[in-house]
K.L.:
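Got a structure for you, written out below as structure tokens; questions coming shortly.
One-based numbering along the sequence shown. Every heavy atom of this structure was used, including side-chain atoms; hydrogens, water molecules and symmetry mates were not.
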Amino acid sequence: MKIKNVLAAIILTLVVISCGKEKISVPNKDETLVLETGSKAIWRGFLETGYFNEGTIGLKSENLAIEGDKITAGEISISVESILVTNDLPPGSKEELRHHLQTVDFFNLAKFPFVTYSISSAEKTGKADANGNNYLIKGSMKLLGKSFPLDIPAKINITDTDVKVIAKFKFDRTKWGMTFASQPNLPAKDKIKNDIEVDLELKAIRF
């Protein structure tokens, strides 16, 4: 009986130790994050001559959904009122260009105060491309009241403390109806290229 009791105690001890060492798998939880103040887009618009103007525009989001290493949903709101011109122009010219960008020729602030980008998913691509992009963000952009798909290659880093997104892409403004100075017969010094370049810099803190 004593031998049996000793063996039983040893077996019980081994089971307890084994269970203590076993890693318990905790399922990923959905999180909803808010973009940090300072998240922004840098834009560039080019003439056919190669000259360009550039500036920034503010971004906001309060519903960026994260699950594990994936962004599963979210809507980024882009305020047309926040647009700024940052290239080297006289102050008066900067303000004149800023107001022109907010007119019906471009973003039409009075009627469409926000541009929105709706994220449907953002998943790892498996291998980073030549620019370091390791994710593909799939979604659609609503501009001037029209919504079209727009997928964005991006470099995304998701850690225990934050989520950072860096992306560089182009979109054809004329597809959304922004056709000012896009006529093919215009001289190069007056013709604005259809593509707008955008650099995204986003950050959200995990709680």
Side-chain angles (χ1 to χ4, degrees), residues 19-46 52 54-80 82-84 86 107 114-176 178 193-207:
C19 290
K21 289 183 178 179
E22 183 180 354
K23 291 183 179 179
I24 300 172
S25 177
V26 179
N28 291 326
K29 295 181 179 179
D30 289 339
E31 296 178 69
T32 302
L33 308 182
V34 177
L35 285 184
E36 285 279 278
T37 302
S39 292
K40 64 183 178 180
I42 300 170
W43 58 266
R44 295 179 193 87
F46 291 79
F52 65 93
E54 68 179 347
T56 62
I57 192 165
L59 310 173
K60 290 184 179 179
S61 178
E62 297 182 352
N63 61 356
L64 194 64
I66 304 292
E67 183 179 352
D69 62 356
K70 299 176 183 178
I71 299 174
T72 57
E75 185 173 279
I76 297 173
S77 180
I78 304 159
S79 169
V80 176
S82 72
I83 196 166
L84 295 173
T86 59
F107 290 95
F114 294 95
V115 178
T116 56
Y117 184 78
S118 299
I119 299 170
S120 57
S121 67
E123 298 186 7
K124 285 185 175 180
T125 56
K127 184 179 180 181
D129 65 16
N131 296 315
N133 298 314
N134 57 346
Y135 278 74
L136 180 64
I137 303 172
K138 293 186 176 182
S140 59
M141 184 171 71
K142 188 174 185 181
L143 169 64
L144 298 177
K146 299 176 182 178
S147 184
F148 292 103
L150 179 63
D151 294 347
I152 303 172
K155 184 178 181 180
I156 299 179
N157 188 29
I158 300 175
T159 69
D160 292 339
T161 57
D162 60 28
V163 177
K164 294 178 182 177
V165 180
I166 297 174
K168 184 171 185 174
F169 64 96
K170 298 177 182 179
F171 69 92
D172 182 349
R173 64 191 175 97
T174 62
K175 185 176 181 179
W176 281 264
M178 189 184 292
K193 289 185 177 183
N194 292 348
D195 284 348
I196 295 176
E197 278 189 9
V198 181
D199 294 354
L200 286 180
E201 298 176 10
L202 313 179
K203 183 179 180 181
I205 301 298
R206 303 181 81 171
F207 298 102

K.L.:
By the salt bridge (Lys or Arg N to Asp or Glu O under 4.0 Å) test, which pairs, at least two apart or in different chains, include something from residues 122-148?
P.N.:
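Sorted pair list: Asp69-Lys124.
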K.L.:
My understanding is that only residues two or more places apart in sequence, or in another chain, count here; which of them pass side-chain hydrogen bond (donor to acceptor under 3.5 Å, both in side chains) with Asn134?
P.N.:
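In terms of side-chain hydrogen bond (donor to acceptor under 3.5 Å, both in side chains), with neighbours along the sequence ignored, Asn134 is linked to no residue.
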K.L.:
Tell me, do Ile137 and Val165 make a side-chain contact under 4.5 Å, heavy atoms counted?
P.N.:
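Ile137 vs Val165: side chains touch.
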K.L.:
Return the set of residues passing side-chain hydrogen bond (donor to acceptor under 3.5 Å, both in side chains) with Thr174 (not counting sequence neighbours), or none when no residue passes.
P.N.:
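Result, side-chain hydrogen bond (donor to acceptor under 3.5 Å, both in side chains) vs Thr174: Asp172.
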K.L.:
Working to the nearest 0.5 Å, report the span between CG of Leu64 and CG of Leu202.
P.N.:
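Result: 8.0 Å between the selected atoms.
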K.L.:
Minimum heavy-atom separation for Met178 to Ile196, with atom names?
P.N.:
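For Met178 versus Ile196, the nearest heavy atoms are SD-CD1, 4.3 Å.
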K.L.:
If you look at every heavy atom in Asp151 and Leu136, which pair is closest and at what distance?
P.N.:
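It is CB-CD1, 4.2 Å.
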K.L.:
Looking at CD of Glu54 and OG1 of Thr86, how far apart are the two atoms once the value is rounded to the nearest 0.5 Å?
P.N.:
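Reported to 0.5 Å precision, the distance equals 4.5 Å.
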K.L.:
Compare all side-chain heavy atoms of Lys193 with those of Phe52 and state whether any distance is below 4.5 angstrom.
P.N.:
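No, every pair of side-chain atoms sits at 4.5 Å or beyond.
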K.L.:
Does anything in residues 117-137 form a ring-ring contact (aromatic ring centres under 6.0 Å, His included)? List the pairs, not counting sequence neighbours.
P.N.:
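Found none.
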K.L.:
Please tabulate, for the side chains in residues 153-161, all donor-acceptor contacts under 3.5 angstrom to protein atoms that are two or more places apart in sequence or on a different chain.
P.N.:
| unit_1 | atom_1 | unit_2 | atom_2 | d |
| --- | --- | --- | --- | --- |
| Thr159 | OG1 | Thr161 | N | 3.2 |
| Thr159 | OG1 | Thr161 | OG1 | 3.2 |
| Thr159 | OG1 | Asp162 | N | 3.1 |
| Thr159 | OG1 | Asp162 | O | 3.3 |
| Thr159 | OG1 | Asp162 | OD1 | 3.1 |

K.L.:
Between Ile57 and Ser82, which heavy-atom pair has the shortest distance, and what is it?
P.N.:
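What the structure gives for the nearest pair is CG1-OG, 3.5 Å.
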K.L.:
Taking all heavy atoms of Glu62 and all of Thr32, pick out the closest pair and write down the distance.
P.N.:
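Distance-wise, the nearest heavy atoms are O-CG2, 3.6 Å.
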K.L.:
I'd like a table of donor-acceptor pairs (distance under 3.5 Å, sequence neighbours excluded) in which one partner is a side-chain atom from residues 36-43, with atom names and distances.
P.N.:
| unit_1 | atom_1 | unit_2 | atom_2 | d |
| --- | --- | --- | --- | --- |
| Ser39 | OG | Glu36 | O | 3.0 |
| Ser39 | OG | Lys203 | N | 3.2 |
| Trp43 | NE1 | Leu84 | O | 3.4 |

K.L.:
Search all heavy atoms of Ser77 against all heavy atoms of Phe114 and return the closest pair with its distance.
P.N.:
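Looking at all heavy atoms of both residues, the shortest contact is OG-CD2, 3.2 Å.
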K.L.:
Enumerate the residue pairs fulfilling ring-ring contact (aromatic ring centres under 6.0 Å, His included) with a member in residues 54-79, sequence neighbours excluded, ordered by first and then second residue.
P.N.:
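Sorted result for residues 54-79: empty, none.
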K.L.:
Mark yes or no for whether Asn63, through its side chain, and Glu75, through its backbone, hold a donor-acceptor pair below 3.5 Å.
P.N.:
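Indeed, once roles are kept as given, a pair shorter than 3.5 Å links the two residues.
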K.L.:
Only counting residues at least two apart or in another chain, list the ones meeting side-chain contact (heavy atoms from CB on, under 4.5 Å) with Ser140.
P.N.:
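Ser140 satisfies side-chain contact (heavy atoms from CB on, under 4.5 Å) with Ser118, Ser147 only.
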K.L.:
Sort and list the pairs that fulfil ring-ring contact (aromatic ring centres under 6.0 Å, His included) and have at least one residue in residues 136-175, not counting sequence neighbours.
P.N.:
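For residues 136-175: Phe148-Trp176, Phe171-Trp176.
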K.L.:
Any side-chain heavy atom of Leu200 within less than 4.5 Å of one from Leu59?
P.N.:
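Leu200 vs Leu59: side chains touch.
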K.L.:
Does Asp199 have any side-chain hydrogen bond (donor to acceptor under 3.5 Å, both in side chains) partners at least two apart in sequence or in another chain, and if so, which?
P.N.:
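So Asp199 forms a side-chain hydrogen bond (donor to acceptor under 3.5 Å, both in side chains) with Arg44.
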K.L.:
Quick check: closest heavy atoms across Lys170 and Asp195, and the distance to 0.1 Å?
P.N.:
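Minimum heavy-atom separation between Lys170 and Asp195: CD-OD2, 4.1 Å.
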